[in-house]
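Taking it in order: structure first as structure tokens, then the write-up.
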Amino acid sequence: MLDINLFRADLDAATEQLKRRGINFDGEHFSELESQRKTIQVRTQALQAERNSRSKGIGQAKAKGEDIAPLLAEVGNLGEQLKAAEEELQGVQAELSAIFMELPNFLHEAVPEGKSEDDNVEIRSWGKPTTFDFDPRDHIELGAQLEQMDFDIASKITGSRFVTLSGPLARLQRALTQFMLDLHSEEHGYRETYVPFMVNSESLKGTGQLPKFEDDLFKLSGDSGYYLIPTAEVPVTNIVRDTIIDANKLPLKFVAHTPCFRSEAGSYGKDVRGMVRQHQFEKVELVQIVRPDEAEEAHESLTNNAEMVLQKLGLPYRAVVLCAGDTGFSATKTYDIEVWLPGQQKFREISSCSHFGNFQARRLKARWRNPETGKPELVHTVNGSGLAVGRTLIAVMENYQTEEGRIRIPDVLKPYMGNREII
RNA sequence: GGAGAGGUGGCUGAGUGGCCGAAAGCGGCGGUCUUGAAAACCGUUGAGGGUUUGUCCCCUCCGUGGGUUCGAAUCCCACCCUCUCCGCCA
């Protein structure tokens, strides 16, 4: 959530910021609500103060054994006035809060202007797109030929956008997961974390998926109100919701492997074939909770941590900074890492690393105690995929394929594959 | 699923209608003492918001949401969570 004080202090500047997001903020409506809020709040608090002092007076009179009947009569309809004022205030505050809950984060000044992913800017690349002396197959064909990846069976079991893996290919996905978890926990200093795969709506509000993006989520029936997680970011970041963290505990660095569930509403016709866009997929997620002055650096290093997975796997990739129109709701700046997929002859997103500033922290009430001020202040949050396991599996399959349609095992995965060389 | 107990400040824990934002202890911070440290002693120490910039005043918060009352941590209702026992069960 954005800081309402930025809007009070300089409404024009705030409105300008939102324009970069393509949002026309109704400043007049806001100002009107704000002045209402001010008036009503002052009145409400004055009434509360009066109630308190009169009640106190009655208490003291009673303690002295005086007759309190005249004092009670004086109170009159104060209670009713107060109740009305409190309800009015609540109404205005709810309206303001609803507006702010739906406003996206301000963009970092380094974010390039632009409307779609075509306007993202490459910042670096690693490796060269893999070349073959035969026509490379895509993962769908490879998986089918190996008889270890089946979309038809999955659609029978459940529906479209699911997959079954079997045999060595299923193990390869597990190997990738293990490899990533080990790399980040042993070499990059993240704490391995296991979390619930279902969350309540408070957690989803905290990280920004709700209230605006309910359609992208799977909600459980029944009265729990729980949702399947769209990413481990939700349960992991909510670890620090409603807490004040000691300065010496920061930064907190978590790595978690979870399945992710996304309804992919609005993506009909996109990546309908194959494992690129599924309702269920595995992901290893990196989350950092940091001091504000260390956030930029944390974002860079977290992105590097994610890239290291691809380097160790020997998969060519490039990193881009997302343009204004492509940057997600809660993020102030996002780097996407795109891996080379020979089957599509394209770079495809395999990780998205975002810096949220204090946007999530404000919703989460996640704070740290700044030793310099002695006061609780909002932390900053940074996270990214490290990596999307399903897409990494695809990338390994397509980049490591042989002419016969088999898959060589990257060196770093061999220990996790019983030293197997090839599938 | 059934029966019972309980949710209070960073922690432990008192508080059954007004003098309670809340005892006491621990912890934290500052100081005295000390060559230094410990101990001891003294002081201090919740969060959010409003008004204002007059650092004076005011408001809210004792699991959450309602209610009763002039007045609620305290009484009533609903819900959530934790613990114990029984049942069922990976």
Heteroatom pairs (N/O) under 3.5 angstrom, protein to nucleotides 60-64 of chain B:
unit_1 : atom_1 : unit_2  : atom_2 : d
B:rU60 : OP1    : A:Arg51 : NH2    : 2.4
B:rU60 : OP2    : A:Asn52 : ND2    : 3.4

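Both A:Ala46 and A:Gln90 lie close to RNA chain B; mapped to their nearest nucleotides by heavy-atom distance, the more 5′-ward contact belongs to A:Ala46. Nearest-nucleotide assignment on RNA chain B puts the 5′-proximal partner with A:Ala49, out of A:Val75 and A:Ala49.
A:Tyr227 and A:Asn200 share no side-chain donor-acceptor pair at under 3.5 Å.
Among the nucleotides B:rU51, B:rC70, B:rG50, the one closest to any side-chain atom of A:Lys38 is B:rU51. For A:Gln45, taking side-chain heavy atoms from C-beta onward, the closest of the listed nucleotides B:rG67, B:rG48, B:rG50 is B:rG50. Distance from the side chain of A:Ile58 is smallest for B:rC70 among the nucleotides B:rG49, B:rA47, B:rC70. Listed candidates were B:rU51, B:rG48, B:rG71. Nearest to the side chain of A:Ser55 is B:rG71.
As judged by a 4.0 angstrom heavy-atom cut-off over every strand, A:Lys62 is placed among the base-contacting residues. A:Arg43 comes within contact range of no nucleotide atom at all, as no heavy-atom separation falls under 4.0 Å. Nucleic acid contact class of A:Arg362 (heavy atoms, under 4.0 Å, all strands): none.
A donor-acceptor distance shorter than 3.5 angstrom exists from the side chain of A:Asp10 to the backbone of A:Ala13, with no hydrogens or angles considered.
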(request) For A:Glu285 and A:Lys283, run salt bridge (charged side-chain N to carboxylate O under 4.0 Å, His left out): C-alpha distance rounded to whole Å, both residues' side-chain angles, the deciding distance at 0.1 Å, then the answer. (result) CA-CA 6 Å; A:Glu285 182 77 1; A:Lys283 186 154 62 70; 2.6 Å; yes
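As a whole-Å value, the separation of A:Leu71 CG from B:rG18 P is 18 Å. Distance CG (A:Leu96) to P (B:rG50): 12 Å, rounded to an integer number of Å. The distance from atom CE of A:Met1 to atom P of B:rG48 is 14 Å, rounded to the nearest whole Å. The distance from atom CG of A:Asn248 to atom P of B:rG27 is 17 Å, rounded to the nearest whole Å. Distance, A:Arg369 CZ to B:rG48 C1': 13 Å, rounded to whole Å. In this structure, the CZ atom of A:Arg367 is 12 Å from the C1' atom of B:rG10, given to the nearest Å. Rounded to an integer number of Å, the gap from A:Lys56 NZ to B:rC20 C1' is 10 Å. B:rC70 atom P lies 11 Å from atom CG of A:Leu78, rounded to whole Å.
With a cut-off of 3.5 Å on both pairing distances, B:rG54 has no Watson-Crick or G-U wobble partner at all. B:rU69 makes up no base pair with any nucleotide shown, lacking Watson-Crick or G-U wobble contacts both under 3.5 Å. Nucleotide B:rG21 forms a pair with no other nucleotide shown, judged by Watson-Crick or G-U wobble geometry with both contacts under 3.5 Å. Figure legend. B:rA5 is base-paired to B:rU82; pairs are counted as Watson-Crick or G-U wobble with both atom distances under 3.5 Å. Shown here, B:rG27 forms a base pair with B:rU45; the pair counts as Watson-Crick or G-U wobble because both key distances fall under 3.5 Å. B:rG36: no Watson-Crick or G-U partner with both key distances under 3.5 Å is found in any strand.
Comparing B:rG30 with B:rG66, their C1' atoms sit 45 Å apart, to the nearest whole Å. Only the C1' atoms considered, B:rG27 is 30 Å distant from B:rU84, to the nearest whole Å. If you take atom P in B:rU44 and the same atom in B:rA24, they sit 11 Å apart, rounded to whole Å. For the C1' atoms, the distance from B:rU69 to B:rG18 is 12 Å, rounded to whole Å. Between B:rC19 and B:rC59, the distance separating the two P atoms is 13 Å to the nearest Å. To the nearest whole angstrom, the two P atoms, one in B:rA47 and one in B:rC29, are 16 Å apart. Across B:rG63 and B:rG50, the matching P atoms stand 25 Å from one another, rounded to whole Å. Remark: the separation of the P atoms in B:rG4 and B:rG10 is 33 Å, to the nearest Å.
Using a 4.0 Å cut-off between a side-chain N of Lys or Arg and a carboxylate O of Asp or Glu, A:Arg137 and A:Glu398 do not qualify as a salt bridge. Under 4.0 Å is where a charged nitrogen must lie from a carboxylate oxygen, and between A:Asp326 and A:Lys115 no such pair does.
The one candidate from A:Thr332, A:Thr381, A:Val382 that meets the side chain to side chain contact (heavy atoms under 4.5 Å, CB included) condition with A:Phe356 is A:Thr381.
Ring-centre distance between A:Phe162 and A:His279: below the 6.0 Å cut-off.
Rounding to the nearest 0.5 Å places OG of A:Ser160 at 11.0 Å from CD of A:Glu264.
For the segment residues 235-244 of chain A, the set of residues with a heavy atom within less than 4.0 Å of an atom of RNA chain B is empty.
Classified by interplanar angle (parallel below 30°, tilted 30° to 60°, perpendicular above 60°), the ring pair A:His299/A:His355 is tilted. Relative ring orientation between A:His184 and A:His188 is described as tilted, the plane-to-plane angle lying within the 30° to 60° band.
Heavy-atom contacts from other residues, nucleotides or ligands closer than 6.0 Å to NZ of A:Lys414 number more than 12. Taking a 6.0 Å sphere around CD of A:Glu28, one finds it holds 12 or fewer heavy atoms contributed by other residues, nucleotides or ligands.
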